[in-house]
**Q** 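Pasting a structure here, questions to come.
Just so it is clear, the structure is predicted and the values come from calculations on it, not from any experiment. Letters A, B, ... mirror the listed sequences (proteins, then strands); counts begin at 1. Just the heavy atoms: all of them, side chains too, but no hydrogens, waters or symmetry mates, feed the values below.
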Protein chains: 2
Amino acid sequence: MNFPKRKQKILAQLDKDGEVDVKQLADDLQISEITARRDLNQLAADGLLYRTHGGATKVNPFEKPHDFLNKGAQNATAKDEICRIAAGQINDGDVIFMDCGSTVFRLCQFIKNKKIKVITNSLPVIYELQNCSVSLNIIGGEFDKERQAVHGSMAIEHISKYRASKAFLGIDGISKNGLFAGSENEASITTSFAANSAYTYLLCDASKIGRESYLRFADLSLINAIITDAAIDKLLGIEEQGIIILNAKK
Amino acid sequence: MNFPKRKQKILAQLDKDGEVDVKQLADDLQISEITARRDLNQLAADGLLYRTHGGATKVNPFEKPHDFLNKGAQNATAKDEICRIAAGQINDGDVIFMDCGSTVFRLCQFIKNKKIKVITNSLPVIYELQNCSVSLNIIGGEFDKERQAVHGSMAIEHISKYRASKAFLGIDGISKNGLFAGSENEASITTSFAANSAYTYLLCDASKIGRESYLRFADLSLINAIITDAAIDKLLGIEEQGIIILNAKK
DNA sequence: CTTAATTTGTTCAAAAATAATCATTATTAA
DNA sequence: TTAATAATGATTATTTTTGAACAAATTAAG
């Protein structure tokens, strides 16, 4: 049985059971465990599943952008790894921008005890950080119920008055050709954040790498670093343009 | 069972019961106590729970807003009567300011179905109105954890860019000598709201009438009307200065 | 305040999973 | 066919995870 065929079977079982086991896969598909592991690593690098010790769990496609508070999300492992790396980049005294992506949201849990200032347009981030040592600055403007965040010209104006040492941003897609957003509002906010921070980190899991969707709004030069769990070969063409890659692979 | 799976189960139980016990966790998850402790320590380091001797308790970001709701519940009947009158003053199409007082907060429940724009600096108000027909505008600036609201110069600047048809404001005290606030921040925000709205309502229960505390920040002329449950004789000296009294006595 | 019980952190060892290396087999292209 | 390439499996070393034992710290009880 070749790889495409196995891939199909693995994803089918994952969809049915929610998880797979290396041993059981090797047995089912009549392959060695090492091959099973290689298959899973390959699929994880493509963002089609999340690797765990001894197997893999499925990446939930129904993850709504505004369903942030569902902490029990089972696919949080990869995003948490990314955020753990990101949190390591933050020092006491920093002023940081955080946007309204679901990955960036998960950064909250790792920075609750830091003595920093957070400037954000994301309501879930505000809720999450309101009772901890972080000092909060809320970006004002029209509230977008869908994204649970503030967007629009007032928000852009607000951001332009501040300077952050670091920005932590999400994105819809990134390729060697640039950065992609799902809407003009997202694009302009992201651009503003990056323009007003000394150093810009992009937090994106493997599924976003190489993806070109809707609106190409900026060159790669807008950002300084990517924190991702994607395999290094997926990043060819991006790394070559001077972007620092921080790998969050376990 | 691997760590991601256990993490999920631990957080699920924590969410349900509010606490977990090391012994019971070890038994439930079929792991040793030392592993259970390690799991809890890991999750605590990530800020997902609070570690206690022998177990852990959940960290709830909505704890404070709840307190706010309860605090608002004191004297709830009188406040609700006031807010019912206030809601009667609001028509579809209105743009209204709402400040961060506990009385004003209770106005939310009466305006959820109105087609209006609400501009506010109060996080509980935002939270309460985020999923209804009201269009929300969030005032940006530094977040004051104590009052769960945005204050400061950025907030003032933000407000000055908008014009509301009506403002609904709380206050620390009012007498025939003027308006009193508990802090300079509150005073400046209240002044801004009033200055940028066509008509200003003061929502205050009987305990605020005749009270002079801390900072006298404005003349009575700043406001147009008072909605209160106080007896009319308490309002002598105020009514005579041309302020409309809307009585909310049952 | 002192003592006993419980909980915790540390160190070490065993087991499982993974990564790395190399040999073998299958596949493809010339 | 033959050489080159890719995929797979076996072996070994490394890492991760887990549990046990024991000393230190914390809490509870007298």
**Q** Who passes salt bridge (Lys or Arg N to Asp or Glu O under 4.0 Å) against B:Lys5, sequence neighbours left out?
**A**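 Applying salt bridge (Lys or Arg N to Asp or Glu O under 4.0 Å) to B:Lys5 gives A:Glu19.
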
**Q** For the residue pair A:Arg216 / A:Asn177, report whether a side-chain donor-acceptor contact shorter than 3.5 Å exists.
**A**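 Absent: no donor and acceptor within the cut-off.
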
**Q** Between B:Asn2 (CG) and D:dT18 (C1'), how many Å, whole number?
**A**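 About 13 Å, once rounded to whole Å.
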
**Q** Would you mind classifying the nucleic acid contact of B:Asn41 as base, sugar-phosphate or nothing, using non-hydrogen atoms under 4.0 angstrom?
**A** sugar-phosphate

**Q** For A:Arg6, which of A:Thr35, A:Asp39, A:Asp28 qualifies under side-chain hydrogen bond (donor to acceptor under 3.5 Å, both in side chains)?
**A**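 Of A:Thr35, A:Asp39, A:Asp28, side-chain hydrogen bond (donor to acceptor under 3.5 Å, both in side chains) with A:Arg6 is met by A:Asp39 alone.
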
**Q** Side chains of B:Gln13 and B:Gln24 only: does a donor on one sit below 3.5 Å from an acceptor on the other?
**A**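 Distance-only check passes for B:Gln13 and B:Gln24.
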
**Q** Using a cut-off of less than 4.0 Å, is there contact between a side-chain N or O of A:Lys23 and OP1 or OP2 of C:dA17?
**A** yes

**Q** Take the C1' atoms of the five end pairs on each side of the helix from C:dC1-D:dG30 to C:dA30-D:dT1, get both axes, and report the angle to 10 degrees.
**A**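 About 30° separates the two local helix axes.
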
**Q** Closest approach to the side chain of A:Arg37, judged atom by atom: which nucleotide of D:dT18, C:dT18, C:dT8 is it?
**A**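 When the side chain of A:Arg37 is considered, C:dT18 is the closest of D:dT18, C:dT18, C:dT8.
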
**Q** What is the distance, to the nearest angstrom, from the CE atom on B:Met1 to the P atom on D:dG19?
**A**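 Distance, rounded to whole Å: 11 Å.
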
**Q** Between the protein and nucleotides 9-13 of chain D, list every N/O to N/O distance that falls short of 3.5 Å.
**A**
unit_1	atom_1	unit_2	atom_2	d
D:dG9	OP2	A:Ser32	N	3.1
D:dG9	OP2	A:Ser32	OG	3.0
D:dG9	OP2	A:Thr35	OG1	2.5
D:dG9	N7	A:Arg38	NH2	2.7

**Q** In this structure, how many angstroms lie between the P atom of C:dT25 and the CZ atom of A:Phe3, rounded?
**A**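 After rounding, the gap between these two atoms is 24 Å.
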
**Q** Is B:His53 close enough to D:dT27 that one of its side-chain N or O atoms is under 4.0 Å from OP1 or OP2 there?
**A**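 True: B:His53 side-chain N/O within range (under 4.0 Å) of D:dT27 OP1/OP2.
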
